[in-house]
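Below, each value reflects all heavy atoms present in this structure, side chains not excepted, and no hydrogens, waters or symmetry copies. Protein chains get the first letters and strands the later ones, always in sequence-line order, with residue 1 at the start of each.
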Amino acid sequence: MQKSLDDIFDGYENKKRIFKNKKAITTSYKPDQLPYRDNEIRTLASILTPSLVGDRPSNIFIFGKPGTGKTAVSFLVSKKLREKSNKNVNLFYLNCKMRNVADTEYRLMAQLARELGEFVPVTGLPTDHVYGLFFKALDKRGGVVILVLDEIDALVEKIGDNFLYNLTRINEDLKNTQVSIVGISNNLSFLNDLDPRVKSSLSEEEILFHPYNATQLQDILRKRSEKAFRENATEPGVLEKCAALAAQEHGDARRALDLLRVAAEIGEREGADRVCERHVDLAESKIDNDRIIEIVRSQPRQSQAVLWSILTREGDVYTGDIFSIYENICSENGLKPLTQRRVSDLIAELDLLGIINAKVISKGRYGRTRMIKMNLQVSLAEKIRGILQTDYYFQ
DNA sequence: AGTCCACAGGAAGGGCAGGCGA
DNA sequence: TCGCCTGCCCTTCCTGTGGACT
């Protein structure tokens with residue numbers, strides 16, 4: 001065993017490496033140059049510039065599909081603005097989709113207050129009180145404060161737009177500080193669903209990010225791979241293939257970078273000295289499979305029990321069938337069964353996650369139900385079955 | 001046209017854990 | 001210590017639904 005471990009570690013050190021700076025091809029890497037986003041950078045910067053002389057910039061609403069550079073552009077402009085300002089401009093970035101950080105009104109306001117140096121407990125205070133703490137901390141700060149709220153649509157979908165109404169009217173309550181809000185959303189029609197008063201306040205300025213096309217994605221990949229890989233580490237056609245696959249998915253640069261990085265990791269693990277198109281194919285299915293497996297692992301045990309019930313049947317099954325199987329599985333696995341109402345919700349959640357396909361159908365006088373089937377390749381479904389059996393002891 | 005089935009799914013509220021202020 | 005607040009998970013109760021059957 002130790003011998004084989006030595007072989008792995010020593011072998012890795014002696015292997016020809018594909019990467020020279022792996023960090024440069026991760027999605028968290030923040031490059032100093034963002035190709036094909038000059039207009040967006042200029043527009044955002046020019047809207048925020050008044051903050052340098054102490055004036056409040058307009059609220060901005062940025063929207064575009066995932067992986068179109070919204071967050072990267074915001075970071076880049078924020079960074080430059082910080083460098084230019086004389087500390088009278090404060091920028092705060094918050095991702096509203098982050099679980100347990102900003103996924104409720106309380107947590108959002110608590111996190112914003114914490115960013116400003118206030119201590120706010122995880123729970124326990126009335127939400128109004130947390131608003132008060134945040135407003136107080138803001139007013140203490142002085143100058144111009146720019147709040148960047150990423151994935152704002154996800155939060156509004158969950159808790160409504162009440163918090164946005166409060167935030168967009170924040171300047172009426174402050175004496176020393178001027179606040180500007182930058183909302184970022186993947187959902188292009190998000191604004192239409194907002195309260196008209198919130199809509200007009202939030203979108204004083206709007207910036208739309210268009211998707212990258214395949215040629216632009218190729219160029220982005222080429223620039224990043226020059227930093228990330230050693231010379232001639234990719235075979236001809238590899239960057240083009242990653243770009244083409246990502247372009248099919250609304251021009252998502254994040255997807256293109258992930259594909260190339262995982263393909264290179266697979267190549268390096270195989271001991272290849274260059275990334276080839278086969279590695280990209282393997283990377284594509286690995287990324288999708290890993291995502292699903294990670295979701296399954298993170299599900300609560302009751303949800304895993306429902307999934308296990310679905311996995312025991314082949315072909316189409318209905319909610320009633322699944323509930324009967326689930327009740328048996330609960331008794332065999334020492335679980336207290338939930339009600340059918342709750343199981344129905346868990347089935348809907350699994351459908352939303354893309355693990356199963358649950359379609360509401362009517363069987364006439366035999367009632368209305370969901371027709372459920374697995375939404376995964378057979379090999380992946382088998383793998384998940386194995387994981388639930390060995391790691392989570394389902395039988 | 002009316003009835004019926006097997007749920008879907010909304011609304012309300014209970015119970016719990018974690019936390020605060022008096 | 002107690003009353004009150006939060007989020008979260010869950011149950012209970014209820015109405016709505018679409019198409020086969022009568």
Side-chain angles (χ1 to χ4, degrees), chain A residues 94-137 149 151-152 154-167 193 295-310 313 315-331 333-375 392:
Chain A
L94 202 57
N95 187 330
C96 302
K97 216 177 180 177
M98 275 186 46
R99 221 174 136 74
N100 300 333
V101 175
D103 54 353
T104 64
E105 190 171 6
Y106 182 96
R107 283 178 176 160
L108 172 77
M109 300 320 298
Q111 187 60 32
L112 288 172
R114 281 188 208 110
E115 296 273 352
L116 288 158
E118 286 290 315
F119 171 76
V120 183
V122 179
T123 63
L125 298 180
T127 309
D128 286 352
H129 188 70
V130 185
Y131 267 102
L133 286 174
F134 172 56
F135 284 15
K136 203 176 90 188
L149 302 176
E151 312 246 24
I152 199 171
L155 186 56
V156 169
E157 195 178 307
K158 213 169 169 192
I159 64 166
D161 57 9
N162 188 43
F163 76 96
L164 273 178
Y165 181 80
N166 293 333
L167 282 181
D193 303 330
I295 289 171
V296 171
R297 283 190 187 278
S298 65
Q299 288 306 295
R301 189 151 174 84
Q302 290 288 2
S303 186
Q304 288 178 338
V306 173
L307 180 59
W308 180 249
S309 312
I310 297 166
R313 283 291 198 89
D316 298 341
V317 274
Y318 304 101
T319 304
D321 306 330
I322 292 301
F323 186 65
S324 306
I325 301 167
Y326 162 80
E327 282 183 309
N328 289 333
I329 282 168
C330 282
S331 72
N333 291 276
L335 276 171
K336 187 176 168 241
L338 302 174
T339 58
Q340 181 153 349
R341 173 71 187 87
R342 180 67 188 136
V343 169
S344 171
D345 277 345
L346 294 180
I347 290 171
E349 284 170 23
L350 289 171
D351 178 39
L352 210 67
L353 291 167
I355 299 171
I356 61 169
N357 201 323
K359 191 178 165 199
V360 178
I361 57 155
S362 174
K363 295 195 288 176
R365 72 168 306 165
Y366 303 106
R368 224 169 142 245
T369 182
R370 279 202 187 93
M371 191 171 73
I372 303 158
K373 57 182 168 193
M374 286 306 294
N375 201 18
Y392 299 92

Quick check on side chain to side chain contact (heavy atoms under 4.5 Å, CB included): which of A/Ile295, A/Asp345, A/Ile355, A/Val296 does A/Leu350 satisfy it with? A/Ile355
Once you round it to whole Å, what is the distance between C1' of B/dG15 and NZ of A/Lys336? 11 Å
Closest approach of A/Leu116 to A/Ala137 (non-hydrogen atoms, all atoms of both residues): CB-CB, 3.8 Å
Is a donor on one side and an acceptor on the other found under 3.5 Å between the side chain of A/Asn375 and the backbone of A/Gly354? yes
Between atom CG in A/Leu338 and atom C1' in C/dC9, what is the gap in whole Å? 9 Å
Rounded off to whole Å, could you give me the CZ-to-P distance for the A/Phe323 and B/dA8 pair? 11 Å
Can you see if the side chain of A/Arg370 gets near the phosphate of B/dA8 - specifically, an N or O under 4.0 Å from OP1 or OP2? yes
Rounding to an integer number of Å, can you tell me how far A/Met371 CE sits from B/dC7 P? 15 Å
Which nucleotide in the list B/dG10, B/dA8, C/dT11 gets nearest to the side chain of A/Arg341? B/dG10
Spacing of A/Tyr131 atom OH relative to C/dT6 atom P, expressed in whole Å: 12 Å
Between protein and nucleotides 16-22 of chain C, map the contacts as a letter string: B base, S sugar-phosphate only, - none, heavy atoms under 4.0 Å, written 5' to 3'. BBBBBSS
In whole angstrom, give the distance that lies between atom CD of A/Gln340 and atom C1' of C/dC14. 15 Å
Ignoring backbone atoms, establish whether A/Thr339 has a side-chain N or O less than 4.0 Å from OP1 or OP2 of C/dT11. yes
Is the backbone N or O of A/Ala305 less than 3.5 Å from a side-chain atom of A/Ser309, with the two atoms forming a donor-acceptor pair by type? yes
What is the distance, rounded to the nearest whole Å, between atom CE of A/Met109 and atom P of C/dC5? 20 Å
Which pair of heavy atoms, one from A/Ala358 and one from A/Ile347, lies closest together, and at what distance? CB-CG2, 4.1 Å
Atom CD1 of A/Ile347 and atom C1' of B/dA6: how far apart are they, to the nearest Å? 13 Å
Among B/dG9, B/dC7, C/dC10, which nucleotide has an atom closest to any side-chain atom of A/Gln302? C/dC10
Quick one, A/Leu307 and A/Gln299 - any side-chain contact, counting heavy atoms below 4.5 Å? no
Checking A/Asp321 side chain against A/Tyr318 main chain: does a donor-acceptor pair fall under 3.5 Å? yes
